[in-house]
Amino acid sequence: MLSYEMTGQGKPVVLLHAFPINSRMWAAQAKLFSREYQIVCPDLPGFGKSAVMKNTSMAAMAREVAAVLEHLKITGPVFLGGLSMGGYVAFEFLRQFPNRVGALGLFATRVKPDSDQARENRFKSIEAIQKFGLPPFTKKAIKSQLGPSTQQTHPELITDLLEIMNTTPVEGAVEALKAMASRNDSSDSLAGVKVPALIIAGEEDSICPADEMRAMHEQIPSSQFHVLPKSGHLVNLEQPELFNEKLGEFLRANGRK
Ligand code: MLT
């Protein structure tokens, strides 16, 4: 079973992390929102304290998240939020367990699968990671994950994140890269999302640009959309106050309390 951090009591709020991070990226949200909610932050397979899963997929990761909820006896609908790779897993969870999602959080993520070019880049990254380990890869990746404003104003975030990212085992990163390269296109399911959705993009995100996320908002009937200024891809870490404000308002307004 996946390792997870759980704190607080109340309606369940499940937060899925980005690549190649782990549940620690939600520490500030877990601290704040555990005053009112049961916060569950799994380490996806191969990250944090969770074992590597060979030949995994976004769908298999979603099943692992469901198993954590079963273990915690959470059978009713949850708020399910995912950032980037976490969002890809959230779409798969929704596909497999629609009745177990009461509201959705889509943070700096996308519905489209990888382009041929993106897939090729993943396999180049795999080769590089297998040859040289994670640190040279993460050192480069962090520059596109954090927006220019954050890199300038909060350089300490670079060091903190690299420390977390570099704990990821090579095999964990490799399996996740392969799984992301072969992920499904979730575009067709957007109009069928019946639950309220909170969509948050970073103004300076070059990985999942705000315009692409706006298009997602336009297709999900009961969604709201926010672009966080001076934020790159890691919206909850780069603009924590604004992110928490939007998430808090959404959770209160959507009956998660
Ligand atoms: C992430 O932040 O999870 C990654 O940028 C996702 C990806 O590489 O597609």
Side-chain angles (χ1 to χ4, degrees), residues 14-26 29 41-48 50 56-62 64-65 80-93 105-129 134 136-147 150-151 157-158 160-162 164-170 172-187 199-210 212-213 216 228 231-239 243:
V14 181
L15 298 171
L16 305 179
H17 64 81
F19 171 89
I21 323 183
N22 61 48
S23 59
R24 281 171 68 192
M25 72 172 279
W26 299 113
Q29 283 70 40
C41 302
D43 282 331
L44 293 169
F47 297 91
S50 290
T56 190
S57 63
M58 296 294 116
M61 289 194 189
E64 292 297 314
V65 172
L80 181 67
L83 197 148
S84 202
M85 179 179 76
Y88 310 157
V89 177
F91 279 121
E92 286 297 338
F93 189 99
L106 301 170
F107 312 133
T109 191
R110 57 156 51 95
V111 282
K112 293 252 174 256
D114 276 2
S115 62
D116 289 344
Q117 181 62 59
R119 213 166 285 134
E120 203 180 306
N121 291 342
R122 300 255 192 228
F123 286 101
K124 282 190 187 144
S125 300
I126 290 175
E127 261 182 59
I129 290 174
L134 248 307
F137 170 81
T138 52
K139 194 170 168 200
K140 199 161 153 223
I142 197 89
K143 299 275 179 205
S144 46
Q145 288 195 307
L146 293 176
T150 305
Q151 291 185 46
L157 205 48
I158 302 182
D160 294 352
L161 271 167
L162 285 177
I164 301 180
M165 288 175 171
N166 290 337
T167 62
T168 303
V170 165
V174 166
E175 290 300 327
L177 283 165
K178 283 198 239 160
M180 287 194 284
S182 62
R183 73 185 188 277
N184 289 321
D185 188 344
S186 297
S187 318
I199 304 179
I200 298 184
E203 180 189 40
E204 299 177 359
D205 187 353
S206 55
I207 299 174
C208 296
E212 217 177 291
M213 297 210 61
M216 200 187 293
L228 305 192
S231 175
H233 188 54
L234 300 176
V235 282
N236 70 313
L237 297 169
E238 296 186 56
Q239 284 291 0
F243 181 90

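Both ligands and their constituent atoms are indexed starting at 1 by order of listing.
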Purely on distance, is any nitrogen or oxygen of H233 under 3.5 Å from one on ligand 1?
yes
Say whether F19, considering both its backbone and side-chain N or O atoms, lies within less than 3.5 Å of an N or O atom on ligand 1.
yes
Are any of the side-chain heavy atoms of [X] and [Y] separated by less than 4.5 Å?
X: M58; Y: P113; result: no
X: F19; Y: L44; result: no
X: M180; Y: M85; result: yes
X: F123; Y: R119; result: yes

Between R122 and ligand 1, which residue portion shows a heavy-atom distance shorter than 4.0 Å: side chain, backbone, both, or neither?
side chain
Is Q145 in contact with ligand 1, taking contact as a heavy-atom separation below 4.0 Å?
yes
Distance-only donor-acceptor check, side chains S231 and Q239, under 3.5 Å
no
Counting each atom of ligand 1 from 1 as listed, which ones have a heavy atom of [X] under 4.0 Å away?
X: M85; result: 1 (C), 3 (O)
X: Y88; result: 6 (C), 7 (C), 9 (O)
X: A18; result: 1 (C), 2 (O), 3 (O)

re atom 4 (C) of ligand 1, the protein heavy-atom contact at minimum distance is S84 OG, 3.3 Å
Would you call the rings of H17 and F47 parallel, tilted or perpendicular if under 30° counts as parallel and over 60° as perpendicular?
perpendicular
